[in-house]
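Here's the structure, in structure tokens; my notes come after.
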Amino acid sequence: VSAGGHPTPSLDLVPHVLEGRTTAIARLLSRVEVGGDEVLPALAAVYRHAGRAHVVGITGVPGSGKSSLVTKLAAELRRRGRRVAILAVDPSSPFSGGAILGDRIRMGELVRDEGVFIRSFATRGALGGLARPVLDAVDVVDAAGFDTVLVETVGVGQDEVEVVQAAHTTVVVSAPGLGDDIQAIKAGVLEIADVHVVSKADRPDAERTVAELRTMLAMGLAASAAGTDTYRPPVLATSAHTGAGVDELADAIAFHREAMQRSGELERRRRRIAERRLVAAAEGRLWQAFARRRDDDQLHALTERLLRRDVHPRAAADAWLAAGVLANDTVG
Ligand SMILES: Nc1nc2c(ncn2[C@@H]2O[C@H](COP(=O)(O)OP(=O)(O)OP(=O)(O)O)[C@@H](O)[C@H]2O)c(=O)[nH]1
Ligand SMILES: [Mg+2]
């Protein structure tokens, strides 16, 4: 807060963000989370500097061991000299509260390292949706010089899918016992994997799950969009408890990026991500315009006509939009 009592404009935080200052990043992300147009000039400035980071989505059903694995993976990437940002998407925590605290405690070993930035996203912004703030946050930490961004999401729900689709590399985590409750298949995330991980490899049933996953992939039951002539998603076993396989996972993630770079897939994904974000932003703007300009008097009048079966809902919607939202459009 400045001397006049007004909050520092978000744009003024940007130079500090670009220097990688943790407090500036955290402050900007709080504004990003709230949403609103005040933060747009800052995001525009940040966006110009982003685009270098490798964005890695880590997804899987609740309790599959994502946070534990992300913690170990981040430590391994640090050992390799990389700066790592962890963004955890946790839409359930406003209700449970415990998950984030648990994550923080487990990730505690990393928090004093300035080469690591950790943030959880739990609240939906005023404009609704979790995907937008998280994708904006990816830009912020990217521009701040973090060269790997690990985004943890529970692989269910529209927001989550939108976030996962914005990753360059997607790691799908399955806990042992896959055959029993089909986990990731049920969640519909198996086919988006660039790298498969069977977590909790210290458990005796992990080996069987690895074998089952490999069989499924060989039979094409989880035909991967990531599969190309030169790249096949590997199946790795990791244990956050013993650290087994974490090194291989870091290798596999790096290998996937190199393979994408060679084949041109990385550019295709960047283009797809940019286009999706543009469409999502446009939809958001339309929704805002609708919310701002909808004429509720006409809504009530048209509802009466619907009840009299006088007009079909779609025709009524066309009339409503034409008279209100679409009529007084000022094209900027
Ligand atoms: N045996 C064993 N247990 C593990 C391992 N990794 C995680 N767990 C346990 O699995 C449970 C869930 O771990 P988390 O890392 O919180 O899993 P998560 O997927 O992040 O969970 P949510 O964020 O709630 O979806 C915890 O009780 C962990 O102790 C592992 O490598 N071995
Ligand atoms: Mg977690």
Side-chain angles (χ1 to χ4, degrees), residues 55-77 84-111 116-124 130-131 134 137-138 149-164 167 169-178 180-190 192-193 195-210 213 235-250 252-253:
V55 183
V56 181
I58 314 276
T59 193
V61 298
S64 51
K66 299 177 295 296
S67 298
S68 311
L69 181 60
V70 161
T71 305
K72 294 291 174 189
L73 179 60
E76 173 59 28
L77 293 171
V84 187
I86 300 170
L87 305 177
V89 185
D90 197 344
S92 62
S93 47
F95 307 106
S96 75
I100 275 189
L101 190 62
D103 284 354
R104 289 251 167 84
I105 288 166
R106 260 169 286 160
M107 290 175 174
E109 62 192 83
L110 294 171
V111 295
V116 175
F117 182 87
I118 304 173
R119 175 93 180 195
S120 288
F121 288 81
T123 50
R124 282 157 202 284
L130 257 170
V134 173
V138 169
V149 184
L150 304 176
V151 187
E152 178 192 338
T153 68
V154 176
V156 285
Q158 189 49 47
D159 283 326
E160 304 262 330
V161 169
E162 227 176 300
V163 170
V164 167
T169 299
T170 300
V171 177
V172 174
V173 180
S174 304
L178 180 74
D180 307 330
D181 59 353
I182 31 172
Q183 299 179 22
I185 311 172
K186 216 156 119 192
V189 293
L190 210 54
I192 60 167
V195 177
H196 289 278
V197 164
V198 173
S199 59
K200 314 185 189 186
D202 50 281
R203 275 172 39 174
D205 46 346
E207 239 170 273
R208 216 189 87 198
T209 302
V210 170
L213 252 177
V235 179
L236 308 174
T238 64
S239 168
H241 285 186
T242 69
V246 175
D247 190 31
E248 288 82 348
L249 175 58
I253 289 168

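Residue numbers start at 1 and run along the sequence shown. Both ligands and their constituent atoms are indexed starting at 1 by order of listing.
Judged purely by atom type and a 3.5 angstrom limit, Thr238 has no side-chain atom pairing as donor or acceptor with the backbone of Gly245. For the pair Thr209 (side chain) and Gly177 (backbone), a donor-acceptor distance under 3.5 Å is present.
Under a 4.0 Å criterion applied to the non-hydrogen atoms of Pro62, ligand 1 contributes the atoms 25 (O). Short contacts between ligand 1 and Ala240, defined as distances under 4.0 Å to a heavy atom of the residue, involve ligand atoms 6 (N), 30 (C), 31 (O).
Taking 4.0 Å as the cut-off, Ser239 counts as a neighbour of ligand 1 on heavy-atom distance. For Gly63, the heavy-atom gap to ligand 1 drops under 4.0 angstrom.
When the Mg ion (ligand 2) is compared with the N/O/S atoms of Glu152, atom OE2 turns out nearest.
A distance of 10.0 Å separates OG in Ser199 from NE2 in His241, rounded to the nearest 0.5 Å.
Proximity of Asp247 to Glu76: side-chain heavy atoms (C-beta onward) are separated by under 4.5 Å at one or more points. When side chains are defined from C-beta on, Leu87 does not count as touching Val163, because their heavy atoms never get closer than 4.5 Å. Residues Thr153 and Val134 form no side-chain contact, since every pair of their non-hydrogen atoms from C-beta on lies 4.5 Å or further apart. Taking 4.5 Å as the limit, some side-chain heavy atom of Glu152 sits within range of a side-chain heavy atom of Ser67.
In terms of polar-atom proximity, defined here as any N/O pair under 3.5 Å, Glu152 does make such a contact with ligand 1. Between Lys200 and ligand 1, at least one pair of N/O atoms sits closer than 3.5 Å. Below 3.5 Å of separation, one finds no N or O of Leu69 facing any N or O of ligand 1.
Of the candidates Leu150, Val56, Thr59, Val56 is the only one forming a side chain to side chain contact (heavy atoms under 4.5 Å, CB included) with Val171.
Within the 2.8 Å limit, Ser67 places at least one N, O or S atom next to the Mg ion (ligand 2).
Among Val89, Thr238, Asp202, the residue whose heavy atom sits closest to atom 1 (N) of ligand 1 is Asp202. Nearest residue to atom 13 (O) of ligand 1 from Ser64, Ser67, Pro176, Ser68 is Ser68 (criterion: closest heavy atom).
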